[in-house]
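Only heavy atoms go into these numbers, but all of them, side chains included; no hydrogens, no water, no symmetry mates. Numbering of ligands and ligand atoms starts at 1, following listing order.
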Amino acid sequence: VAIDIGGTKIDVAAVAASGEILRRERMATVGHEDLFAAVVTLARRLDFPDAQVIGVGCGGPMSMRTRTVSPLNIRQWRDFPLTSELAAAFSLPVFVDNDAKALALAEGTFGLAQGLDDFLSMVVSTGVGGGIVLDGRLLDGRDGNAGHIGHVVVVPDGRLCACGAHGCLEAEIAGPSIAAITGAPAEQADLDQRRRAGALLGLAVGTVASLLDLGNCFVAGSVALGFGAPFFDAANESAHRVARIAHARDVTIQPSGLGGDGPLLGAAVVGWRGAQGE
Ligand SMILES: [Zn+2]
């Protein structure tokens with residue numbers, strides 16, 4: 001059972017080992033008196049007695065140490081013990097990871113990063129997230145939060161971010177940030193705004209490429225994919241401006257090879273990865 005928990009919507013699905021999505025359900029994240037109880041009800045609707053493991057991709061940050069989540073976009077969950085609550089509700093092994101890290105796992109298993117040992121996977125939608133695979137392994141970091149590229153500062157003294165800093169990539173190019181800057185929904189952003197968002201993303205990616213010696217970045221999410229070629233062209237130009245050192249100058253930023261099912265597939269891989277590690 002795969003569960004993708006975002007700030008806007010929550011998807012659940014029964015996923016076969018082949019990556020085939022057998023059944024799925026969706027609900028909005030907001031408007032529930034008890035969000036966790038609503039998630040349990042939604043997952044029960046899958047009615048899938050053969051499930052072996054539950055994998056979850058959840059908005060960050062999280063704590064692997066305490067097995068809690070505190071998604072920036074879900075204010076009622078702070079240090080919420082999602083893993084133990086789900087395990088108690090379903091009597092199955094449960095593995096929870098950051099949603100952008102889950103997407104990196106999906107890109108490596110089912111998407112364009114198949115066969116690559118080193119890449120950055122990103123999502124630009126309600127928030128901006130990332131997951132890093134280096135030397136063939138998804139990076140976790142001290143407490144599970146490696147890859148939070150959305151909180152790399154790209155505009156010194158820029159817009160205030162939900163994390164408390166100013167000028168984070170997320171505060172400048174996430175959908176709500178663009179809406180706040182332009183006064184209109186992100187999908188109505190003009191060419192200049194699309195290019196600006198791409199250029200800022202490229203700044204962050206070029207920096208990461210220099211730092212980590214990786215050459216590929218795959219970007220998913222409604223904002224990035226909706227902005228299309230102007231966004232990706234500007235991102236690559238910008239990355240190549242900042243990544244001049246030999247090992248990073250060929251870094252390529254391209255749209256994710258995963259369709260809309262990427263987050264659910266990622267959550268499924270989180271479950272399988274966890275089950276293999278046990
Ligand atoms: Zn931030």
Side-chain angles (χ1 to χ4, degrees), residues 4-8 29-30 57-66 68-80 82 96-104 120-132 138-183 185-186 189 193-194 196-212 217-224 226-227 231 234-235 238-239 242 253 263 266:
D4 174 50
I5 298 174
T8 306
T29 306
V30 293
C58 184
M62 59 180 279
S63 171
M64 275 192 159
R65 193 168 33 81
T66 62
T68 58
V69 297
S70 307
L72 281 183
N73 293 320
I74 302 178
R75 296 210 166 102
Q76 62 266 52
W77 283 2
R78 285 294 172 270
D79 300 318
F80 183 72
L82 184 60
V96 176
D97 212 330
N98 179 274
D99 54 359
K101 284 167 67 189
L103 200 67
L120 168 64
S121 169
M122 290 186 67
V123 57
V124 183
S125 57
T126 312
V128 176
I132 298 163
L138 178 70
L139 298 189
D140 289 322
R142 281 185 305 173
D143 207 11
N145 293 298
H148 265 74
I149 192 170
H151 301 278
V152 166
V153 172
V154 290
V155 180
D157 302 318
R159 290 171 47 76
L160 178 63
C161 182
C163 76
H166 286 264
C168 292
L169 185 61
E170 176 165 303
E172 300 290 341
I173 76 163
S177 309
I178 288 172
I181 293 168
T182 64
Q193 283 297 334
R194 290 171 190 231
R196 175 184 183 271
L200 291 175
L201 177 132
L203 186 58
V205 172
T207 305
V208 168
S210 297
L211 178 70
L212 295 180
C217 173
F218 305 97
V219 190
S222 57
V223 172
F227 282 8
F231 175 90
S238 168
V242 297
I253 302 167

Quiz prompt | Heavy atoms of other groups near Arg78 CZ, more than 12 under 6.0 Å | solution = yes

Exercise. Assign the ring pair Phe227 / Phe231 to parallel, tilted or perpendicular, where the plane angle (0 to 90°) is split at 30° and 60°.
Key: perpendicular

Exercise. Before giving the answer on side-chain contact (heavy atoms from CB on, under 4.5 Å), spell out for Val152 and Thr207 the whole-Å C-alpha distance, their side-chain angles and the decisive distance to 0.1 Å.
Key: CA-CA 10 Å; Val152 166; Thr207 305; 5.8 Å; no

Quiz prompt | Every N, O or S from the protein that is nearer than 2.8 Å to the Zn ion (ligand 1) | solution = His151 ND1, Cys161 SG, Cys163 SG, Cys168 SG

Tell me which donor-acceptor pairs under 3.5 Å the side chains of residues 58-66 have, and how far apart each pair is, sequence neighbours excluded?
from	atom 1	to	atom 2	distance (Å)
Ser63	OG	Arg65	N	3.4
Ser63	OG	Thr66	N	3.1
Ser63	OG	Thr66	OG1	3.0
Ser63	OG	Asp143	OD1	3.1
Ser63	OG	Asp143	OD2	2.8
Thr66	OG1	Thr68	OG1	2.8

Exercise. Drop me the distance from Ser125's OG to Asn73's CG, to the nearest 0.5 angstrom.
Key: 8.5 Å

Exercise. Apply side-chain contact (heavy atoms from CB on, under 4.5 Å) to the pair Val219 and Ile253, showing each step before the final yes or no.
Key: CA-CA 7 Å; Val219 190; Ile253 302 167; 3.7 Å; yes

